[in-house]
Amino acid sequence: MNMRFYRTTMKEEGNSANRPSNTAFTQQRLPAWQPMLSAGVVIPGFLLIGLAFIGIGVGLLITSRSIQVLELDYTGTETSSPCYQCTMSNQSNCVCKLSFSIGTLFKGPVFFYYGLTNYFQNQRKYGVSKDFNQLIGDVSYFKSPSSDCQPYQRVNGKPIVPCGAIANSMFNDTFKLYQIINGKEELVPFDGKGIAWWTDYNIKYRNPDYTPLKNAFNDTEKPVFWTKPAYELDTSDASNNGFINQDFLVWMRRAALPNFRKLYRRITEGNYKDGLPAGNYSLEISYNYPVISFEGTKKVTFSNVSWMGGQNEFLGIAYLVIGSMCVVMSVVMLIVYAKFRFPEED
Amino acid sequence: MDFSRLRRIITRYCVGEENWVGNRTVHIGHKEPPSCAEAYMPQDYPDNRIVSSKYTFWNFIPKNLFEQFRRIANFYFLVIFLIQVSFLFTFEASGYEDWLRHKADCSLNECPVDVVEQGKVVRTQSHKLRVGDIVMVREDETFPCDLILLSSSRYDGTCFVTTTSLDGESSHKTYYAVPDTMAFRTEQEVDSLHATIECEQPQPDLYKFVGRVDIYKDKQEPVVRTLGAENLLLRGATLKNTGHIYAVAVYTGMETKMALNYQSKSQKRSAVEKSMNAFLVVYLCILISKALINTVLKYAWQWSPDRDEPWYNHRTEIERQRHMVIRAFTDFLAFMVLFNYIIPVSMYVTVEMQKFLGSYFIAWDEEMFDEELGQGAQVNTSDLNEELGQVEYVFTDKTGTLTENNMEFIECCVDGNVYIPHAICNGQILSAASSIDMIDSSPGGYRRVNLFFRALCLCHTVQVKEEETVESIKRGIHQGKSTSFYISSSPDEVALVEGMKRLGYTYLRLKDNYMEILNKDDEIERFELLHVLNFDSVRRRMSVIVRSSSGEYLLFCKGADSSIFPRVVSGKVEQVKARVEQNAVEGLRTLCVAYRRLSESEYLEASHRLTEAKIALQDREQRLAQTYDIIEREFVLLGATAVEDRLQEKAADTIESLHKAGMKVWVLTGDKMETAAATCYASKLFRRSTQILELTKKRTEEQSLHDVLFDLNRTVLRQRSISGYGLSRCLSVDCLDFGLIIDGATLSGVLKPSQDSAGHGNYREIFLEICRNCSAVLCCRMAPLQKAQIVKLIKSSKEHPITLAIGDGANDVSMILEAHVGIGIMGKEGRQAARNSDYAIPKFKHLKKMLLVHGHYYYIRIAELVQYFFYKNVCFIFPQFLYQFFCGFSQQPLYDTAYLTLYNISFTSLPILLYSLVEQHITMETLKREPSLYRDIAKNALLRWPAFLYWTCLGVFDAVIFFFGAYFLFDNTTFTSNGQMFGNWTFGTLVFTVLVFTVTLKLALDTHHWTWINHFVIWGSLLFYVIFSLLWGGIIWPFLNYQRMYYVFMQMLSSGPAWLSIILLITVSLLPDVIKKVLCRAVCPTATEVFTKTINTFSFFPSLITFFHSPVPYCGALHHLHAFSVLQQNEFLIGPQRRGRSRKRR
């Protein structure tokens, strides 16, 4: 090869004006690695991948199985349900109590979620119905909310803050958990900190720079379905008030699917630091949020988490299935190759 | 589409039909004729501006848009988004090329010209020339428009011109001034001329011109002179060996013959592009049906009002009042917008770029560079690169394409005795039989020999060129002492005159109409040249009438045997005929020579007829032909000559490769059957085992065409039924195959639409059926138009095969234009073929690499490109479609806007573009060595519906995996260890991440040739995606009024299950393709796969062994040893038989 090029270049000094340049690229002779999916690579490869996947799958499944989950539906569609009466009456602040018992220690930290089904937080119109500029505390947008917020932009001519469908439809059931010890109800303390994303709480959402916060909201209306304005979401804690109220932030992060769960509280304090001990419990629900009209359900979930999050058998099973399929395929391929007498060695 | 136009061009080029389109009158120097019988009608002629560019400033946008809309895709683009960025590239490319053309035009139009005005020479710009202007042109200048020669600085009123740039003939042609004006010497004299020219309206035929000049002198009756092509100087030609000339402009600007020959070629579209369009239609249907399904489902689902308008998501009043139909329609449109990414808009840009950039590899290829010409391959159309990998029929010209077109005089035969000139014993007569015998035995013999040599010395149009110029060195052969060359438009003539010289008769020159010959005894003989009856391809002969010094009138004629023998009345016809046939079988080009003695009265009559015919203004050609026919008869046969045209280097090897690659090679030639057949044998088109079927005039004279056709068809079919079905059986060389020889006359019989369609049916079909079963076909005695007809016939046969035409001469232009791919050879017969071709190569042998390597590569590259684009867009959009089922059909996009936009533009664009530029699924050497691999991609194999369906299904499968993988992962659970939940954007980002990785890795799996470029773009674009996502989510972007992606990507990466599921989903998506590949390779490997396999396994292991066994295993040796062992192994694989052959070739 080298010889040839040498010769031609020697010969061609004269009319080399048109001569194409002789580089590896122009001659399409760049050095290249030419891998091939040959049996020698693929069969062991499949076997290895398969075994690795089975390993991961087993690990995941075991982890997932070790996670405890307790789910309680409190929609109250059935008459037997303690919250049935709340669905009937139109009263605000309807309170119902859900009793349940835990057989063994529910290892902590326990996470307390509320869940909704058939609720389309991922509707396009719903999703855009907010004004980001309001939510970073820009007061100028308090007076003229984005038109995206319609029909939750203004009420009685006054601008709504925070405007839009998402904020307006904020989940407003509240929960109190009691452990029944010797017939006495003992309140299980809830921790409401850090339930929203750190970045949402610290960076993405901001309250306007007003003290008291209430002044920023002059001449504005609270969202129509809200019982109290934004600046009164948590009057006890200024760092959990207004737009950086953790419950608000959790709600504002739209769920991906119509059946979703959102973190409500953590149980990390006091006697319940190590989890919920076995025993009887009663959950006091102030039932406000209507879901019957769109055939939704409401539930609460107690769950603890591992390194891989909450209980999800899907991942483990999928790994197991794919891993075993890989192993099976490697065997099939081996048979095929044996049957076709390893054509590459003929 | 543009067939009618094409046909028109072809007829114009080839048949030379005489279209009398009316006359034009040119007033020389813009002076009106004095006695105006008819009123002077100022005619409107265009100025001398040349516009070769397609677009002008103002029509660029609409015209280009129209061109673009011929593609369905582009029309769609306009409908969906009026202003699409993707137009820009194609737009700019064609715009740029056109701008260059504009610039070239400008410089051409502004070049200075000397015009005679009021007796003075005035310098003006070329585009200001008007019809009727008198122009002065100096030596080596190019004529600015078509001119009628008035006078020249040479005293005989002639001038020499080379038309290299027009038809490629570099010989000097002589043009003649009008006799009455040739005496003009000065501008004043020329300006005093008072005359009008009447001539035909502009026509594109370069060699035809009919006109008349009326010269008014002192109020007498005007003198009428005829004008012919010999008076017309064509724009683009160059004045040579003449000081200056005066001439009058008759055709200007776009009406010049050169401009009329600038037919903008109709766009050829490749099969791949057609598949692309078909796929696009399918995808458009998918898009529309997706949108429709979603719209319908949306309204079905929303039937209950609480779903339609749940309390948490009310509509505005305006929306509520909107009519249901309007709402549904807007929903439909919204879905269209949401899913429109499924149409791979960027594919068109990428394909365009790939073709444009990819074509450079052809031009850059050093192996296709010809040292002699100093030129490499040329790409005139980059649109057809991939078509080179799809060729099924190759139509090749013989002379100059298969052969060198470098003639050498071999022998002549006078009365059955053979004379062979020998270079060493110059002038000696070496006879096969004893020549002395013959001279003694027959009394007329000696005289005939002498006449024969004189005939060859006189009957030609060769010119003697005295001094050396660079061009003539190539053409002329050095003349020993004097520096004179023979130049002629026909290489045969030069070879003959050269041969005569070696036999002792030297043609010296033509001086004052006297041809001078130096005979064997070193005496100069002078013959007065009275008439030249020029060669034409219909008569296939030429004649001269001369008067010898003794006052005899002689007519010498030379021409093809078929056109001479019927006109011969005496002479040793049988012997000569036998020799001619023998020579033809050996592949020599033969010509017969005959003469006729004319009495004075006969001469005068002939002369009168000729002059009359030449003067004729109407039907001149026809009348000339008639006259020639009358004069050229009653010949006495003198003998025949044989000239060899050697085969081009590696022509046989190339043809053999093309055969093995499954292509059918047809030779279309104007040459005679025996010669052409011999060339075919020499070039291995016909092998010894080939059974030759003849479909020639000779046979059809005996039997009717109908019977012959049916006979042949039966033979072919019988053979096929014996050897079973399928082509595969014919892979072995020994398999009996057929070769067909057909001649022009029979072909026109076959192609003629049959009169009684009910009776014999269509010959065409039978003919095609026969051809289909022949591996090689030779068509001889073809007119240029017939060449194109054959190509068209095959093209339009029911399989619609892809055809390629290759040729070097102007007579091949028609078939080059007609075939799917036209290849021109930059040959001796000029550049016309190369100019009209899609690709031009220096030599026939380069066709092998062009098709087998470049064509193959381009095809697999573009096929992958097209399929991959559709695949990746299905993967991209199908999850979004599925998501609609889970978001209440609300057109919620799954991915963030930035991802939607950048997916095709930056995340997945470069790897496939670079793949489609540098991929080599198998090495060049293997492709060249194993032409049969070409069969793997025949018939658009990688872009047929099953392949398309496979890719689409793979895309859908992958999309389902992405979406439901993420769905089940997100199903009602958290996957962070702090219990926080993820939202919809995390969901989309997860799907998108898996998507980008899968799609890129899928390409990586398909890449067989990992150069650093591939590594760079594949890993680079993945890295770019990650970096972009980190950046996009890492900052609160001040210009955005939403920050939905803020920290989404980081949050996702912070969770273990997300990583695990990404790995899992990528693996699952890629698995089926890997399994399919591996299984297919094992169960039904393609030829290509078999070859990669053998090479890889065999080269890898032994080289390792050799490496470890070598005594000094230092690094440098590794490469060497490796290469060596590959060689050895390949030799071993190919087997002893092949090895023997390749050694011989070396």
Side-chain angles (χ1 to χ4, degrees), chain A residues 12 15 18-20 22 26-28 30 32-37 42 111 120 122-127 132-133 150-151 165 169 195 197 199 203-204 253-259 261-263 266 290 293-294 305 307-312 314-315 318-319 322 329 333 336-337 340 343-345, chain B residues 306-307 310-314 316 361 363-366 369 371 374-376 886-888 890-892 968-970 972-977 979-981 983-984 987 1008-1011 1041-1043 1046-1047 1051 1055-1057 1060-1061 1064 1067-1068 1074-1075 1077-1079 1082-1083 1085 1092-1094 1096-1097:
Chain A
E12 277 308 310
N15 64 346
N18 294 325
R19 171 169 283 280
N22 173 22
T26 55
Q27 300 308 311
Q28 306 196 60
L30 283 176
W33 172 53
Q34 286 165 318
M36 222 202 16
L37 291 173
V42 173
F111 293 78
F120 288 85
N122 55 13
Q123 281 255 5
R124 184 171 59 89
K125 283 268 169 58
Y126 179 85
F132 178 75
N133 290 311
Q150 270 168 349
S169 60
I195 56 171
W197 287 22
T199 48
I203 298 160
K204 201 168 153 185
R253 184 154 291 277
R254 297 157 58 207
L257 298 166
N259 301 337
R261 196 202 262 188
K262 281 180 188 284
L263 188 55
R266 258 182 278 205
S293 62
F294 52 85
V305 297
W307 61 271
M308 59 161 283
Q311 191 179 48
N312 188 353
F314 164 74
L315 208 53
Y319 262 101
I322 299 304
M329 275 322 293
M333 266 184 263
V336 168
Y337 272 88
F340 288 85
E344 59 252 60
E345 275 158 45
Chain B
D306 278 323
R307 284 215 187 113
W311 62 262
Y312 52 85
N313 191 15
H314 276 295
T316 57
F361 283 121
W364 279 337
D365 194 331
E366 210 179 26
F369 182 80
E371 307 289 344
Q375 242 172 336
F886 300 92
C887 70
S890 62
Q891 300 112 26
Q892 169 68 34
F968 286 116
L969 194 74
F970 265 74
N972 237 340
T973 185
T974 174
F975 49 94
T976 55
S977 49
Q980 289 171 357
M981 298 300 296
N984 65 326
F987 182 78
H1008 297 91
H1009 190 77
W1010 284 85
T1011 62
N1041 63 352
Y1042 56 85
Q1043 304 294 338
Y1046 187 62
Y1047 253 70
Q1051 282 280 0
S1055 103
L1060 284 175
S1061 61
L1064 175 81
T1067 316
V1068 175
V1074 175
I1075 291 170
K1077 270 193 186 141
V1078 171
L1079 289 185
V1083 177
T1092 17
K1093 241 177 218 171
T1094 44
N1096 274 28
T1097 36

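Just so we're on the same page: letters track the sequence lines, and every chain starts at 1.
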Working for side chain to side chain contact (heavy atoms under 4.5 Å, CB included), residues B:Tyr1046 and A:Ile203: CA-CA 10 Å; B:Tyr1046 187 62; A:Ile203 298 160; 3.3 Å; yes
Closest contact, heavy atoms only, A:Trp307 versus B:Leu1060: CH2-CD1, 3.9 Å
Which portion of B:Val1068 sits near chain A, non-hydrogen atoms under 4.5 angstrom: side chain
When A:Phe120, A:Phe294, A:Phe111 are compared by non-hydrogen pairs under 4.5 Å with chain B, the top option: A:Phe120
Chain B interface, residue from A:Val42, A:Val305, A:Thr199 that has the most non-hydrogen pairs under 4.5 Å: A:Thr199
Worked verdict on A:Gln28 versus B:His1009 for side chain to side chain contact (heavy atoms under 4.5 Å, CB included): CA-CA 11 Å; A:Gln28 306 196 60; B:His1009 190 77; over 6 Å; no
Nearest atoms (heavy-atom pairs only) where B:Leu1064 meets A:Ala318: CD2-CB, 3.5 Å
Heavy-atom closest pair, residues A:Phe314 and B:Leu969: CD2-N, 3.9 Å
Shortest non-hydrogen contact between B:Gly979 and A:Leu263, atoms and distance: O-CD2, 3.6 Å
CZ-CG distance between B:Phe970 and A:Asn259, expressed to the nearest 0.5 angstrom: 14.5 Å
Distance in Å, B:Asn984 CG paired with A:Gln123 CD, rounded so as to fall on 0.5 Å steps: 12.0 Å
Nearest non-hydrogen partners of B:Asn313 and A:Ala165, listed with the distance: OD1-CB, 4.3 Å
Spatial distance of atom CE (A:Met308) from atom OG (B:Ser1055) [nearest 0.5 Å]: 9.5 Å
Separation between CZ of B:Phe987 and CG of A:Asn122, rounded to the nearest 0.5 Å: 9.0 Å
From NZ (A:Lys262) to CD (B:Gln980), nearest 0.5 Å: 12.0 Å
Options B:Phe886, B:Trp1010, B:Phe975, ranked by heavy-atom pairs under 4.5 Å with chain A, top entry: B:Trp1010
Side chain A:Trp197, main chain B:Met981, donor-acceptor under 3.5 Å: yes
Heavy-atom donor-acceptor pair, B:Trp311 side chain to A:Pro290 backbone, under 3.5 Å: yes
Mutual orientation of the aromatic rings belonging to A:Tyr126 and B:Tyr312 [parallel < 30°, tilted 30-60°, perpendicular > 60°]: perpendicular
Heavy-atom donor-acceptor pair, B:Glu366 side chain to A:Gln27 backbone, under 3.5 Å: no
Between B:Cys887, B:Ser977, B:Pro310, B:Gly983, the one whose heavy-atom pairs under 4.5 Å with chain A are most numerous: B:Cys887
Proximal component of B:Thr976, with respect to chain A [non-hydrogen, under 4.5 Å]: backbone
Part of A:Leu30 within contact of chain B (heavy atom distance under 4.5 Å): both
Choice from A:Arg266, A:Arg253, A:Lys204, A:Gln311 maximising heavy atom contacts with chain B below 4.5 Å: A:Lys204
Top contributor to chain B contacts, counting heavy-atom pairs under 4.5 Å, from A:Met329, A:Met333, A:Arg124: A:Arg124
Distance-minimising heavy-atom pair for B:Thr316 and A:Pro151: CG2-N, 3.6 Å
